[in-house]
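What follows is a structure written as C-alpha cells; I'll ask about it next.
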Amino acid sequence: MLLSITSRTPDATNLGYLLHKNPARLNDYSLNFGRAKVFFPTARPDECTAVLMIEVDPVGLVRSAGAKQGDWALGQYVNDRPYAASSFLSVGIARAYGSALNGHCAHLPELADAPLILEARLPVIQAPSEEVLKELFEPLGYEVQCSRLPLEPAFPAWGESRYFDLTLRGTLPLHHLLKHLFVLIPALDREKHYWIGPDEIDKLLAKGEGWLAGHPRRAWITDRYLKYHKRLVREALERLAPEPEEGAEEAVEELKEPPVEKKISLHEVRLDRVTEVLVEHAPASIIDLGCGEGRLLQRLLNKTKIPRVAGMDVSSRALEIAKERLERGVAQAKRTGRLLLFNGSLIYRDSRLRGYEAAALVEVIEHLDEDRLDSLEEVVFADAAPRLVVVTTPNREYNVLFETMKPGALRHGDHRFEWTRAEFQAWAGRVAGKHGYQVTFEGLGEEDPQHGPPSQMALFQRGT
Ligand code: SAH
C-alpha cells in the first residue's frame with residue numbers, strides 16, 4: 001500500500017526537512033503488522049516526492065491476537081489488506097511521519113505552517129463512489145482526481161472494483177494534508193484493524209481539529225471512523241460540535257428570523273432589497289451562500305431572470321426545507337435547469353463555489369466565529385471571487401431600540417457577534433482593498449437618526 005506526497009513549492013526538497021527524512025536514504029520502520037518504508041523517487045528543487053510504502057504481513061495478521069476470521073476459508077489469507085489504503089496506512093503515517101503529522105519541523109519551524117503546493121496520490125483506496133471522494137476532499141480545498149479501478153485488468157468483462165486511484169492537489173500546510181488523510185483514509189475503508197475504544201475519539205478530535213467540526217460530511221466521517229459504534233459516535237459528535245448536529249430542531253430554529261426583528265419584518269425588507277440590487281446588476285449567475293431555508297432563492301427564481309441560481313448551506317436540514325419551499329413556491333418551469341442546491345461550508349475552499357458572477361451572504365457572517373472570518377474571506381473573495389458580492393449583517397447599534405432585548409444581548413442565539421456600522425465598514429473596507437473590490441454601503445430598514453438602520457449591507461464590485 002502506497003501514499004506518495006509531492007511538493008512543488010521551491011525549494012521542494014524542503015519536504016525532506018518537513019518529513020524529517022534525508023531524501024537520499026531509504027528509511028525503514030517496523031510495525032506490529034509489517035513494515036513501513038519511506039523513499040524519495042524525485043528530489044529536485046522544483047519537485048520532490050516522498051513515498052510511504054506499507055508492507056502488511058497477511059499471515060502475521062491472521063496469527064496476531066484478536067484477528068478477525070474471514071467469512072470464507074481463504075479470506076483471512078487472501079484479502080485487500082496488503083494493498084488497499086486503510087487504517088494501517090494511518091498507523092504508518094503516525095509512525096513514519098509523526099512529527100510532520102503533529103505540525104513540527106525541527107530544522108525549519110516556520111515551514112511547518114506554510115502552505116505548500118502539494119499533491120497526494122493513493123493508487124488504491126476503497127470508496128463507495130467518486131461523489132463521496134469529492135464530497136470528502138473538495139470542502140477541504142482539494143482538487144480531486146479519481147478513477148475507478150477495474151476488478152481485474154486482464155478481464156475487463158469482470159467489471160469495476162470498489163477501489164479508486166485517487167490524486168489530491170491543494171495548497172496547504174503539510175500537516176493539514178497528513179491530518180486529513182489520517183482521518184479520512186480509515187473512514188473510507190470498511191474495516192479497521194484494531195479495537196475501537198474511547199481513545200479513538202481523542203485521536204479523531206485531535207487530528208480533526210480545525211477542520212472536522214465545520215466539514216459538511218462530519219457525521220458520516222465520524223460514523224465511519226468509529227465504525228458505527230453508536231455511543232462513541234454520539235460522544236464524538238457532541239464534543240465536535242457543541243451546536244446541534246445537522247438536522248436537529250435547533251438548526252432549523254437558527255434559520256428563522258430573529259424574533260426581536262419580527263415586528264418590522266426586517267428580513268423581508270432585506271431580501272427584497274438584495275433582490276433589487278441583484279436585478280440592477282443583472283448577473284448571469286448567482287450563488288446564495290448560507291442560503292438557509294431558501295427565501296432569497298425563491299425571490300431570485302420568481303422575480304428575476306438570472307439564468308443560473310445556486311444555494312449552498314452547511315446545514316443539510318436547511319437545504320431540505322429550501323428544496324421543499326422551492327418545489328412548493330416556484331413553478332417547475334422557472335426552476336428547471338436554473339437551480340442547484342448543495343451542502344458545503346464557507347470556511348473551506350470549494351471549487352463548486354467558483355464560476356458565479358454574483359454571490360449573496362444574507363445574515364450569514366455573524367453565524368461564524370470571528371476567527372473563521374479570514375477563512376470565509378479567502379473562500380469568497382480570493383478563491384471564488386465573483387465580480388459582485390452582497391453581504392448583509394445586523395447593525396448592533398440599533399439593538400437598544402428593540403424593546404424586548406436585554407442590554408448587550410445579541411439578536412439571535414446563534415449569532416457569534418454583531419457589528420456596529422464602523423466595525424462592519426472597517427472589515428468590508430479591508431477585505432475590498434485586499435482583494436481588488438470597490439465597496440459601497442447601504443442601510444436596510446428604517447433608519448434611526450442616532451443608532452442608524454437596523455441592518456446593513458455592503459456591495460462589493462470587482463472590475464473585470
Ligand atoms: N441567508 C439565509 C439564512 C440566514 S441564517 C436567509 O437570509 O434567510 C444563516 C445561515 O448560514 C444558516 O442557514 C446556516 O446554516 C448558514 N451557515 C452558518 N455557518 C455556515 C458555514 N460555515 N457555511 C455555510 N453556511 C453556513
Side-chain angles (χ1 to χ4, degrees), residues 138-141 210-218 240-259 261-262 265-275 277-278 286-301 309-323 325-326 329 341-350 352-353 358-380 383-384 389-394 410-418 444-445 454-457:
E138 281 185 344
L140 299 170
W211 62 273
L212 186 54
H215 195 294
R217 299 299 301 264
R218 65 181 176 274
L240 204 52
E243 35 324 15
E245 240 322 271
E246 284 167 15
E249 286 309 308
E250 291 86 334
V252 179
E253 193 52 40
E254 149 189 335
L255 311 168
K256 295 196 181 128
E257 196 174 356
E261 293 183 354
K262 263 196 183 126
S265 192
L266 180 56
H267 203 43
E268 300 290 312
V269 173
R270 249 184 224 129
L271 295 169
D272 287 341
R273 181 64 192 135
V274 170
T275 310
V277 168
L278 290 166
I286 168 144
I287 181 157
D288 185 12
L289 300 167
C291 63
E293 293 184 357
R295 288 168 203 258
L296 180 65
L297 293 171
Q298 186 174 11
R299 282 172 168 74
L300 293 173
L301 292 170
V309 175
M312 182 273 241
D313 203 284
V314 77
S315 156
S316 40
R317 179 74 189 125
L319 288 172
E320 272 171 36
I321 297 173
K323 191 161 169 276
R325 169 191 299 277
L326 299 173
L341 287 177
F342 61 91
N343 204 206
S345 170
L346 279 163
I347 51 181
Y348 298 109
R349 232 184 311 154
D350 186 337
R352 295 172 302 173
L353 307 184
L361 288 134
V362 177
E363 306 297 290
V364 173
I365 57 171
E366 66 277 8
H367 288 264
L368 270 75
D369 289 325
E370 262 185 285
D371 59 4
R372 293 293 172 91
L373 285 181
D374 289 351
S375 309
L376 174 137
E377 177 187 332
E378 281 300 306
V379 168
V380 176
D383 194 59
V389 184
V390 187
V391 179
T392 80
T393 195
L410 300 181
R411 293 184 200 181
H412 190 272
D414 190 57
H415 285 181
R416 309 301 160 92
F417 62 87
E418 281 170 5
L444 296 171
S455 194
Q456 41 187 346
M457 172 169 77

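Numbering of ligands and ligand atoms starts at 1, following listing order. On a predicted model such as this, the values are computed, not experimentally measured, just so you know.
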(Q) Does only the side chain of L368 get under 4.0 Å from ligand 1, or the backbone, or both, or neither? Count heavy atoms. (A) side chain
Q) Is there a nitrogen or oxygen of L346 sitting under 3.5 Å from a nitrogen or oxygen of ligand 1? A)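 N/O-N/O distance below 3.5 Å exists for this pair.
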**Q.** ligand 1-proximal atoms of C291, by part, heavy-atom distance under 4.0 Å
**A.** backbone
Q. With R349, which residues qualify under side chain to side chain donor-acceptor pair (under 3.5 Å), at least two apart?
A.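 Here no residue qualifies.
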Q: Using a 4.0 Å heavy-atom threshold (strictly under), name the region of H267 that reaches ligand 1: side chain, backbone, both or neither.
A: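 For H267, the contact with ligand 1 is made by the side chain alone.
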Q: To the nearest 0.5 angstrom, please state how far the OG1 atom of T275 sits from the CD atom of Q298.
A: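 Reported to 0.5 Å precision, the distance equals 10.5 Å.
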(Q) So for G294, does at least one of its heavy atoms come nearer than 4.0 angstrom to any atom of ligand 1? (A)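 Not so, G294 does not reach ligand 1.
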Q: Take the angle between the ring planes of H412 and H367 and call it parallel below 30°, perpendicular above 60°, tilted in between.
A: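 Tilted: the ring planes of H412 and H367 meet at 30° to 60°.
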**Q.** Any residue meeting side-chain contact (heavy atoms from CB on, under 4.5 Å) with V364, in chain and number order, not counting sequence neighbours
**A.**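 V364 satisfies side-chain contact (heavy atoms from CB on, under 4.5 Å) with L346, L361, L368 only.
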**Q.** Option set H367, H412, R416, criterion heavy-atom distance to atom 18 (C) of ligand 1, minimum
**A.** H367
Q) By number and element, which atoms of ligand 1 are closer than 4.0 Å to a non-hydrogen atom of E363? A)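 Atoms satisfying the 4.0 Å criterion: 4 (C), 5 (S), 9 (C).
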Q) Would you call R317-E320 a salt bridge at under 4.0 Å N-O? A) yes
Q) Out of V364, D369, T392, whose heavy atom is nearest to atom 11 (O) of ligand 1? A) V364
